[in-house]
Visitor: 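A single structure is presented below for examination.
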Amino acid sequence: MLGTAAAVHAAKDKKEKDQHPAAQPPEVAIAVTAASSGWTLEVSNGGAAPLRLDADARLLRLEIAPPASASASAAHKKGKAAPKAPGLTTCELPAAMRVEGRPLVLKPGQRYLEAFDPRLFCLDASSKLVEGARVTARLGWPAGKGALAPPFVIVPVASPSAS
């Protein structure tokens, strides 16, 4: 049970938190969908605060893991060690094409969609984009060593009047 002073303090903390929703981590869903007609990047704001998004699929990095080979699964069935899988292939646009500066404000519940061609990102490695390959998409600039630092692709808008 909270004492009176503790209850007042907790109520004050809750009121401050409600007045500053930008202090909360953003609730964002990012998805890349592959279809025969093309690939689509989708960014959705599931939170209660508006978010500023650098709306640009050119900020994607695709990490491709090759599909499990038939020989690996056959070796596993026979109790043998599976052959070592090849490493990940990372595909991204050249740094000169990965720019900052297409800001868009996503209000709560809104989403941003952009179609893109993954072969542009992979060029010489586009042959790795095959059925069964596992593709992980990352949105943003590569993190340097140490703590994360700006620029960020998605940030909370300080106040609704900024949207």
Side-chain angles (χ1 to χ4, degrees), residues 17-18 20-74 76 82-163:
K17 190 181 266 188
D18 291 342
H20 302 289
Q24 305 276 335
E27 292 180 36
V28 179
I30 300 172
V32 171
T33 307
S36 59
S37 59
W39 289 35
T40 304
L41 164 68
E42 178 180 346
V43 180
S44 303
N45 181 0
L51 303 173
R52 187 189 62 75
L53 164 70
D54 275 330
D56 199 337
R58 294 178 294 179
L59 296 173
L60 280 171
R61 285 186 316 283
L62 305 175
E63 296 174 353
I64 305 166
S69 69
S71 62
S73 59
H76 179 68
K84 190 173 184 177
L88 290 176
T89 301
T90 301
C91 300
E92 63 185 326
L93 294 176
M97 292 180 71
R98 295 171 59 94
V99 297
E100 175 183 1
R102 284 180 43 186
L104 172 73
V105 173
L106 283 180
K107 294 179 181 172
Q110 286 186 326
R111 63 188 182 142
Y112 170 77
L113 297 168
E114 184 175 347
F116 68 96
D117 187 341
R119 296 172 299 179
L120 178 64
F121 291 74
C122 293
L123 296 177
D124 294 338
S126 62
S127 63
K128 306 241 183 200
L129 292 167
V130 296
E131 188 172 337
R134 191 184 75 229
V135 178
T136 303
R138 305 207 184 276
L139 182 63
W141 295 272
K145 293 182 180 179
L148 294 176
F152 298 114
V153 173
I154 299 170
V155 294
V157 174
S159 69
S161 62
S163 56

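The first residue in the sequence is number 1, and the count goes up from there.
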Visitor: Over all heavy atoms of both residues, which pair between Gly47 and Pro108 is shortest? Give the atoms and the distance, please.
Guide: O-CB, 3.1 Å
Visitor: Would you sort out whether Gln110 and Asn45 count as a side chain to side chain contact (heavy atoms under 4.5 Å, CB included), showing the intermediate values?
Guide: CA-CA 6 Å; Gln110 286 186 326; Asn45 181 0; 5.5 Å; no
Visitor: Does a side-chain heavy-atom distance below 4.5 Å link Val43 with Leu139?
Guide: yes
Visitor: Dump the intermediate steps for side chain to side chain contact (heavy atoms under 4.5 Å, CB included) on Val135 and Trp39, then the final yes or no.
Guide: CA-CA 12 Å; Val135 178; Trp39 289 35; 4.1 Å; yes
Visitor: Within a 6.0 Å radius of atom CZ on Arg134, are there more than 12 heavy atoms belonging to other residues, nucleotides or ligands?
Guide: no
Visitor: Between atom CE of Met97 and atom CG of Asp56, what is the distance when rounded to the nearest 0.5 Å?
Guide: 9.5 Å
Visitor: Rounded to the nearest 0.5 Å, how far apart are CZ of Phe116 and CG of Leu93?
Guide: 10.0 Å
Visitor: Grab the two heavy atoms, one from Glu63 and one from Thr90, that are nearest each other, plus how far apart they are.
Guide: CG-OG1, 3.9 Å
Visitor: Just wondering, do Asp54 and Arg52 contact through their side chains at under 4.5 Å, heavy atoms?
Guide: yes
Visitor: Please check if any side-chain donor atom of Glu42 sits under 3.5 Å from a side-chain acceptor atom of Thr40, or the reverse.
Guide: no
Visitor: Could you go through Ile30 and Leu41, starting from their C-alpha distance and side-chain angles, then the distance that decides it, and tell me whether this counts as side chain to side chain contact (heavy atoms under 4.5 Å, CB included)?
Guide: CA-CA 7 Å; Ile30 300 172; Leu41 164 68; 3.9 Å; yes
Visitor: Write down the atom of Arg61, the atom of Gly140, and the distance for their closest heavy-atom approach.
Guide: NH1-O, 2.8 Å
Visitor: Kindly indicate whether the side chain of Leu88, heavy atoms from C-beta on, has any atom under 4.5 Å from the side chain of Ile64.
Guide: no
Visitor: State, to 0.1 Å, how close Pro66 and Gly87 come at their nearest heavy-atom pair, and which atoms those are.
Guide: CD-O, 4.0 Å
Visitor: Return the minimal non-hydrogen interatomic distance between Ala57 and Phe121, and the atom names on each side.
Guide: O-CZ, 3.3 Å
Visitor: Please report the shortest heavy-atom distance between Leu62 and Ala137, naming the atom on each side.
Guide: CD2-CB, 4.0 Å
Visitor: Would you indicate whether the side-chain heavy atoms of Cys91 and Leu129 approach each other to under 4.5 Å?
Guide: no
